Amino acid sequence: MTTDQLLQIVLLALDDGKGKDIKVIDIRKKTGIADFMVIASGTSERHVKSLAGHVVEEAKNNEVQPLGVEGQGVGEWVLVDLGDVIVHVMKPQTREFYQLEKFWQSDYSPVYAAAVAAH
């Protein structure tokens with residue numbers, strides 16, 4: 001299965017489960033841990049857990065075994081690691097607090113990068 005196919009499975013599962021504000025971030029040039037990060041919101045702890053569970057179920061239905069699932073017990077933020085695609089499902093308040101989109105979409109300024117390289 002290609003990464004694009006896996007990404008489509010994730011997006012369809014989140015859409016089918018009525019995930020809110022679904023964002024895809026291409027992280028290939030920023031890290032080697034994955035190719036894409038998908039961030040979505042659920043309306044409640046129960047909805048967050050349900051969305052993440054649906055992603056896991058659809059991945060398994062397509063013969064992709066998740067490498068890990070974290071946070072299902074609490075439901076504020078559930079992470080599903082599918083290898084090339086990492087999925088974060090959060091309550092809106094948690095998402096606003098951590099601002100993963102801002103962190104992963106921002107680029108380092110050349111001045112900062114030069115300062116880090118000098119040390």
Side-chain angles (χ1 to χ4, degrees):
M1 173 174 300
T2 69
T3 302
D4 288 337
Q5 290 170 323
L6 179 57
L7 183 60
Q8 284 304 314
I9 289 166
V10 167
L11 295 174
L12 288 171
L14 291 170
D15 185 59
D16 186 46
K18 308 286 190 240
K20 307 289 183 197
D21 195 21
I22 302 167
K23 301 280 191 224
V24 177
I25 302 171
D26 184 339
I27 58 173
R28 291 177 284 197
K29 293 182 180 176
K30 297 179 188 280
T31 183
I33 62 169
D35 291 343
F36 294 98
M37 185 172 295
V38 179
I39 304 171
S41 294
T43 56
S44 66
E45 291 172 7
R46 180 181 223 160
H47 190 213
V48 167
K49 290 191 253 186
S50 174
L51 284 168
H54 193 52
V55 167
V56 168
E57 180 182 329
E58 288 302 313
K60 287 180 178 179
N61 287 344
N62 286 276
E63 300 178 4
V64 175
Q65 186 65 35
L67 300 175
V69 180
E70 301 292 331
Q72 282 182 312
V74 179
E76 289 280 326
W77 178 355
V78 180
L79 179 142
V80 180
D81 184 350
L82 297 171
D84 291 334
V85 179
I86 296 174
V87 183
H88 297 273
V89 185
M90 307 175 185
K91 287 179 58 181
Q93 305 89 319
T94 305
R95 187 172 176 173
E96 178 63 29
F97 181 79
Y98 287 101
Q99 297 185 14
L100 290 183
E101 291 101 326
K102 185 176 179 181
F103 177 78
W104 283 101
Q105 289 179 334
S106 66
D107 291 320
Y108 295 112
S109 71
V111 172
Y112 178 77
V116 170
H119 285 82

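Computed from a predicted structure; not experimentally measured. What's counted below: heavy atoms across the whole structure, side chains too, no hydrogens, waters or symmetry copies.
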J.: Minimum heavy-atom separation for Ala34 and Gly83, please, with both atom names.
T.: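 For Ala34 versus Gly83, the nearest heavy atoms are CB-O, 3.5 Å.
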J.: Tell me, please, which residues at least two apart from Gln99 pass side chain to side chain donor-acceptor pair (under 3.5 Å).
T.: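 In terms of side chain to side chain donor-acceptor pair (under 3.5 Å), with neighbours along the sequence ignored, Gln99 is linked to no residue.
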J.: Which pairs, with at least one residue in residues 52-75 and sequence neighbours excluded, count as a salt bridge (Lys or Arg N to Asp or Glu O under 4.0 Å)?
T.: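 Every candidate salt bridge (Lys or Arg N to Asp or Glu O under 4.0 Å) pair involving residues 52-75 fails, so no pair, neighbours aside, qualifies.
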J.: Nearest 0.5 Å, what's the CD1-CG distance between Ile27 and Asp35?
T.: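 The CD1 atom of Ile27 sits 7.5 Å away from the CG atom of Asp35.
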J.: Within the distance-only criterion (no hydrogens, no angle test), does the side chain of Glu96 pair as donor or acceptor with the backbone N or O of Gln93 below 3.5 angstrom?
T.: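 No: the side chain of Glu96 does not pair with the backbone of Gln93.
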J.: Under the salt bridge (Lys or Arg N to Asp or Glu O under 4.0 Å) test, which residues partner Lys49, sequence neighbours left out?
T.: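 Once residues adjacent in sequence are excluded, Lys49 has no partner under the salt bridge (Lys or Arg N to Asp or Glu O under 4.0 Å) criterion.
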J.: What residues form a ring pair (Phe, Tyr, Trp, His ring centres under 6.0 Å) with Tyr98, not counting sequence neighbours?
T.: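 Expected list: Trp77.
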J.: Starting at NE2 of His88, measure out to OG of Ser41 and round the result to the nearest 0.5 Å.
T.: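 Reported value, rounded in 0.5 Å steps: 12.5 Å.
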J.: Give me each pair satisfying salt bridge (Lys or Arg N to Asp or Glu O under 4.0 Å) with a member in residues 14-24, each pair once, sequence neighbours excluded.
T.: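 Sorted result for residues 14-24: Asp21-Lys23, Asp21-Arg95.
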J.: Report yes if some heavy atom in the side chain of Trp104 is under 4.5 Å from a heavy atom in the side chain of Thr31; otherwise report no.
T.: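 Contact flag for Trp104/Thr31 side chains = yes.
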J.: Can you list the residues that meet the side chain to side chain donor-acceptor pair (under 3.5 Å) rule with Thr94, with sequence neighbours excluded?
T.: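 Per chain and number, Thr94 pairs via side chain to side chain donor-acceptor pair (under 3.5 Å) with Glu76.
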J.: Enumerate the residue pairs fulfilling ring-ring contact (aromatic ring centres under 6.0 Å, His included) with a member in residues 39-64, sequence neighbours excluded, ordered by first and then second residue.
T.: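 Every candidate ring-ring contact (aromatic ring centres under 6.0 Å, His included) pair involving residues 39-64 fails, so no pair, neighbours aside, qualifies.
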J.: To the nearest 0.5 Å, what is the distance between CG on Leu100 and CG on Leu79?
T.: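 Rounded to the nearest 0.5 Å, the CG-CG separation comes to 9.5 Å.
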J.: Tracing side-chain links under 4.5 Å among I, L, V, M, F, W and Y, which residues wind up in one group with Val48?
T.: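 When side chains under 4.5 Å apart are linked, the cluster holding Val48 also contains Met1, Leu6, Leu7, Ile9, Val10, Leu11, Leu14, Ile22, Val24, Phe36, Val38, Leu51, Val55, Val56, Val64, Val69, Val78, Val80, Leu82, Val85, Val87, Val89.
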